[in-house]
Protein chains: 2
Amino acid sequence: MPNAPKTVTLVEVAKRAGVHVSTASRALSSSASGISASTVHRIRGLAEEMGYEPDPAAAALRTGRSGVLGVLVPLLSDYVLARIYEGVDATALASGYNTFVSNTKDNPVLRKERLNELLARRVEGIVLGDARLDGDEVVEILKRKRVPYVLVNRRLRGHPSVTTDDVQGGRLAAAHLLELGHDNIGIVAGPSYASTCVERTHGFVSQYLAAGLSIPDHQILESGADAVAGYRAGSTLLERSPNITAIFAINDSAAIGVMGAIREHGRTPGRDVAVVGYNDIPLATYLPVPLTTVRSSMFEMGREGMSMLLNLIEGKPAPPKLLPPVLMARASSGSNATGGR
Amino acid sequence: MPNAPKTVTLVEVAKRAGVHVSTASRALSSSASGISASTVHRIRGLAEEMGYEPDPAAAALRTGRSGVLGVLVPLLSDYVLARIYEGVDATALASGYNTFVSNTKDNPVLRKERLNELLARRVEGIVLGDARLDGDEVVEILKRKRVPYVLVNRRLRGHPSVTTDDVQGGRLAAAHLLELGHDNIGIVAGPSYASTCVERTHGFVSQYLAAGLSIPDHQILESGADAVAGYRAGSTLLERSPNITAIFAINDSAAIGVMGAIREHGRTPGRDVAVVGYNDIPLATYLPVPLTTVRSSMFEMGREGMSMLLNLIEGKPAPPKLLPPVLMARASSGSNATGGR
DNA sequence: GACTTTTATGCAATCCTTTGCAATAACGTT
DNA sequence: AACGTTATTGCAAAGGATTGCATAAAAGTC
């Protein structure tokens, strides 16, 4: 290597300071215990001046701590997950950790592959954004191997998690549509392996039941979670039951797809058919027909999830946490825009 | 530590195989040179069976290669950047690398901080998604320190990059609106430090000039790059010049904001005012008024950018690369939907 | 002032792989 | 049969930081 970057090592700093490496090491450690204030000051100054940066590989090798955490998400190009990850990563960085994030596309095979890559990298813990209700091998492996982990976005009974109170969110959406007098509802329910979708749908349905109204099974459509899926499910619903007056979609992307379907059926979202989404992605307000939706705190969820993981790593307990959702009423449900932007 | 995860080390594999660690190491390396086929087979089998995974820290310490690359982007929760990153990361994974990705929010101070974190982590190269035209300290540092890097999304003269041909993209948008007879145009031009925005605008304007039409300066608005910014700039344009018949926005998020502004001014996007965006994010087709836009290959850009970085790391040359944009005509420009979905 | 306690620093081992060099064994050649 | 090759494997050092233990110096005690 002709142009080796030649980084400064601790020995060089120590040599220059006229002390032993061990002294230099201690002086630079956060709890510079047993080192006189003057040498601490001197060495830190010298290290700074020489541009010394500890070699993470050497430190990891010695301490067994990689300083790296893993994050698995279904899809990072989904705003919701990206935003959660931003919260996760910001918090990790603030605590001196870095994160590896990987897409799993909700594919069980890919999930295990990605998990193994993370474990091979010796991550100290994992934030899991794609937990599955239908027998989640990944969480089982994590539990068995005693790797600290926290679920975000989706949750599983008996595992540490930070999620939105999705049952409550579903109820909010239902209460809103009930208040507007809708009694013939379609639901784009998303995939059945995602707790988010199941709980939102359940909350919605139970609120209607509480009002003495039931939603027929053929008007609750399992689906994907993106705009295309929303479009397809929306089309099916409108064809199957043309007299539906409102559609609840388990997230905003699907809701946007639903609006597209409504338009293609020659109707107008918000006037002819009410649409309610979930998450309140930033675009929601700015859509030609602003979207009524249930706001969830994505960034905060990531932040809290990472905090919980850091606690777990330190051996502290981590009770599951629910974040409260808020209804944002806008034009797509034909309501007077209470939520505003 | 009562519950140390006790990972299997190479010594244990070697001991169990009855060979020296060095033999085991060589047997497991991809080019198992100088080791008999039989022992290679035996040791690999044993390693697999024992669940051996090499310690990346130890390997990195010895070889000086961390196996990690860095990625800096303005904002990962922006679909465009997330999608580019997915391409980057997928390609890195396929080559045995992992990536650290960080948001810089287009903030110069944050950029330097994030860069230093990546360098402290000993990344072997960096993909930069947020290069700035107004004197980019980060690329200068990378160049000076001889850290391999590739620009994606935005480019800078004289630096390796993979970007969309944004001038051409701007031309396509302009040609489309010219064809539809629009001669009074507003432009939501985005930030002036981003080559994407500058080049798209320049391409657009030059195409109009070529057609003998000029666009007045006060109808070209510098702005942010998200929906809010698009909304604000759109509002300003519509108030300033009510007789504008078409607006070109430098990306789809801004375009969606513009459509919101148009609607709030009591007009209908696509009928009263044509809107053209850029990138063709998946939502674009499914909007209540489907968005005419210039498609760019985001995933591919990430993939190509990472390939180029890997080449650079191996010392191969890396000429800048331009990807061709494609116009997707939809309802927001009032055109008969040629582009389809 | 002799002795204990505290404070500050040095010593050396350790973490796990990788790799240049040495050594041995197997093979072929004339 | 003696010797040069080639094929395998072992040896040991290196890479950079951390940390328990030991030592030396300083401070404190009666």
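Just so it is clear, the model here is predicted, and its values are computed rather than measured. Protein chains get the first letters and strands the later ones, always in sequence-line order, with residue 1 at the start of each.
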Got a donor-acceptor contact below 3.5 angstrom from the B:Arg44 side chain to the B:Ala27 backbone?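 Such a contact is found between B:Arg44 side chain and B:Ala27 backbone.
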
Return the set of residues passing side chain to side chain contact (heavy atoms under 4.5 Å, CB included) with [X] (not counting sequence neighbours), or none when no residue passes.
X: B:Asp226; result: B:Val228, B:Ala229
X: B:Pro54; result: B:Tyr52
X: B:Asn116; result: B:Leu119

May I have the distance from [X] (atom [atom1]) to [N] (atom [atom2]), rounded to whole angstrom?
X: B:Leu61; N: C:dC15; atom1: CG; atom2: P; result: 14 Å
X: B:Leu10; N: C:dC16; atom1: CG; atom2: C1'; result: 8 Å
X: B:Asp55; N: C:dC15; atom1: CG; atom2: C1'; result: 8 Å
X: A:Tyr52; N: D:dG16; atom1: OH; atom2: P; result: 10 Å

The side chain of A:Arg65 is closest to which nucleotide in this list: D:dT19, C:dC15, D:dA17?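 The answer is D:dT19.
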
Pair listing, salt bridge (Lys or Arg N to Asp or Glu O under 4.0 Å) test, anchored in residues 70-99 of chain B, at least two apart: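 Non-adjacent pairs meeting salt bridge (Lys or Arg N to Asp or Glu O under 4.0 Å): B:Arg83-B:Glu86.
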
Reading nucleotides 5-11 of chain D from the 5' end, what letters show protein touch, with B for base, S for backbone sugar-phosphate only, - for no heavy atom under 4.0 Å? ---BBBB

Under 4.0 Å, heavy atoms only, any strand: does A:Ser25 hit a base, just the sugar-phosphate, or nothing?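 The answer is base, as A:Ser25 lies within the cut-off (heavy atoms under 4.0 Å) of a base atom.
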
Review item, side-chain donor-acceptor pairs of residues 300-312 of chain A, under 3.5 Å, at least two apart:
residue	atom	partner	partner atom	Å
A:Glu304	OE1	A:Lys321	NZ	2.9
A:Ser307	OG	A:Arg303	O	3.0

